[in-house]
Amino acid sequence: MRITTWNVNSIKQRLPHLLAFLDEARPDVVCLQELKCQDEAFPRAEIENAGYAVEALGQKAYNGVALLVRKPLAIAPDSVRRGLPGDPADEQARYIEALISGETEQPVRVASIYLPNGNPVDSPKYPYKLAFMERLRLHARALMEDEIPVVLAGDYNVIPEPADAADPEAWRSDALFLPASRAAFRAILAEGYTDGLRACDPRDGLYTFWDYQAGSWQRNFGIRIDHLLLSPQACDRLVSASVQKHLRGLDKPSDHVPVTVELSAG
DNA sequence: ATGCCAATTCTCAATTGA
């Protein structure tokens with residue numbers, strides 16, 4: 001089972017690239033972030049025609065997450081969770097989760113996460129980010145209890161280590177790289193989760209985001225902020241992980257590229 | 001230190017992102 005996470009930065013703008021990616025890469029599960037569209041406007045028919053079941057949580061203009069599941073895999077009935085537990089007042093569309101099952105594969109629980117950016121750090125946005133990460137840690141812990149493999153995939157908006165940025169000094173006081181942000185990320189890992197890409201590829205220079213500005217792509221001024229975190233049972237099945245970097249070089253790209261892990265059937 | 005770019009919105013300027 002191949003599971004991909006991709007912040008598309010507007011599902012409407014990126015639909016041609018997404019459909020081409022589904023056709024070429026044929027991932028089994030796709031976790032999308034930054035749909036920037038309400039559920040009524042989600043291009044459901046086009047994606048279903050490509051062979052995928054869709055569950056989405058959208059809102060106007062900002063945020064928005066979705067899960068795509070390629071047939072014959074399916075989303076277990078009544079298994080979809082919309083919104084991260086822990087704060088009923090949080091109305092931002094940043095979390096969707098479901099149990100994925102198939103005839104020949106062991107089930108896997110998969111979440112698509114759009115973690116808050118947190119900038120500027122002296123605004124309420126930064127404490128919101130840290131509170132969201134603590135909620136995610138607690139939920140990640142709860143999800144391990146039934147021992148079904150868990151993959152928490154998404155745009156974490158966290159640069160875990162200096163090796164995950166081409167120029168770490170440039171991010172020193174940014175919400176993506178502040179010590180408290182990195183500590184909150186490590187606290188999730190400490191619950192027993194593994195950074196899937198890092199577990200497969202120890203090299204420096206693995207990036208998943210290049211800013212549209214200042215020629216970041218051309219100069220390879222990237223950062224690694226899109227992650228797939230695997231519970232112990234999921235990590236036992238980890239076969240490979242990779243970044244689909246070439247998509248950043250297309251016309252009208254997202255500023256993020258897909259990241260994919262492959263799990264054995266069980 | 002700021003803008004650089006891209007997308008969205010009750011658009012022609014402001015807001016958000018990272």
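Letters A, B, ... are given to chains in the order of the sequence lines, protein chains preceding strands, and every chain is numbered from 1. Bear in mind that the values here come from a model prediction, so they are computed numbers and not experimental data.
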Could you tell me how far [M] sits from [N] if I compare only their [atom1] atoms? Round to whole Å.
{"N": "B:dT2", "M": "B:dC12", "atom1": "P", "value": "26 Å"}
{"N": "B:dC4", "M": "B:dT9", "atom1": "P", "value": "22 Å"}
{"N": "B:dT8", "M": "B:dA18", "atom1": "P", "value": "14 Å"}
{"N": "B:dC5", "M": "B:dC10", "atom1": "P", "value": "25 Å"}
{"N": "B:dA6", "M": "B:dA1", "atom1": "C1'", "value": "23 Å"}

For a quick check of understanding: with a heavy-atom distance under 4.0 Å over all strands, which category does [X] fall into, base, sugar-phosphate or nothing?
{"X": "A:D155", "value": "sugar-phosphate"}
{"X": "A:Y114", "value": "sugar-phosphate"}
{"X": "A:K129", "value": "nothing"}
{"X": "A:N7", "value": "sugar-phosphate"}

> Between residues 209-217 of chain A and DNA chain B, which residues have a heavy-atom gap below 4.0 Å?
Replying inline: A:F209, A:Y212, A:Q213, A:A214
> Does B:dT9 have a Watson-Crick or wobble mate here (both distances under 3.5 Å), and if so which one?
Replying inline: B:dA13
> Which residues pass the side-chain contact (heavy atoms from CB on, under 4.5 Å) test with A:Q233, sequence neighbours left out?
Replying inline: A:E147, A:P149, A:S231
Are [X] and [Y] within salt-bridge range, i.e. N to O under 4.0 Å?
{"X": "A:E161", "Y": "A:R198", "answer": "no"}
{"X": "A:R82", "Y": "A:E55", "answer": "yes"}
{"X": "A:D146", "Y": "A:R109", "answer": "yes"}
{"X": "A:E191", "Y": "A:R141", "answer": "yes"}

> Can you pull the contact range of chain A along DNA chain B, 5' to 3', using atoms under 4.0 angstrom from its heavy atoms?
Replying inline: B:dC4 to B:dA18
>> Test of understanding: with salt bridge (charged side-chain N to carboxylate O under 4.0 Å, His left out), list the residues that count as partners of A:R94, not counting sequence neighbours.
In response: none
> Does NZ or CZ of A:R219 fall inside the cone over A:F221's six-membered ring, less than 6.0 Å from its centre and within 45° of the axis?
Replying inline: yes
>> Return whichever of A:N117 or A:K36 has its heavy-atom-nearest nucleotide of DNA chain B closer to the 5' end.
In response: A:K36
> Quick one: ring-ring contact (aromatic ring centres under 6.0 Å, His included) pairs with a partner in residues 186-216 of chain A, sequence neighbours left out?
Replying inline: A:F209-A:H256, A:W210-A:W217
> Taking only residues two or more places apart in sequence or in another chain, which ones pass ring pair (Phe, Tyr, Trp, His ring centres under 6.0 Å) with A:H17?
Replying inline: none
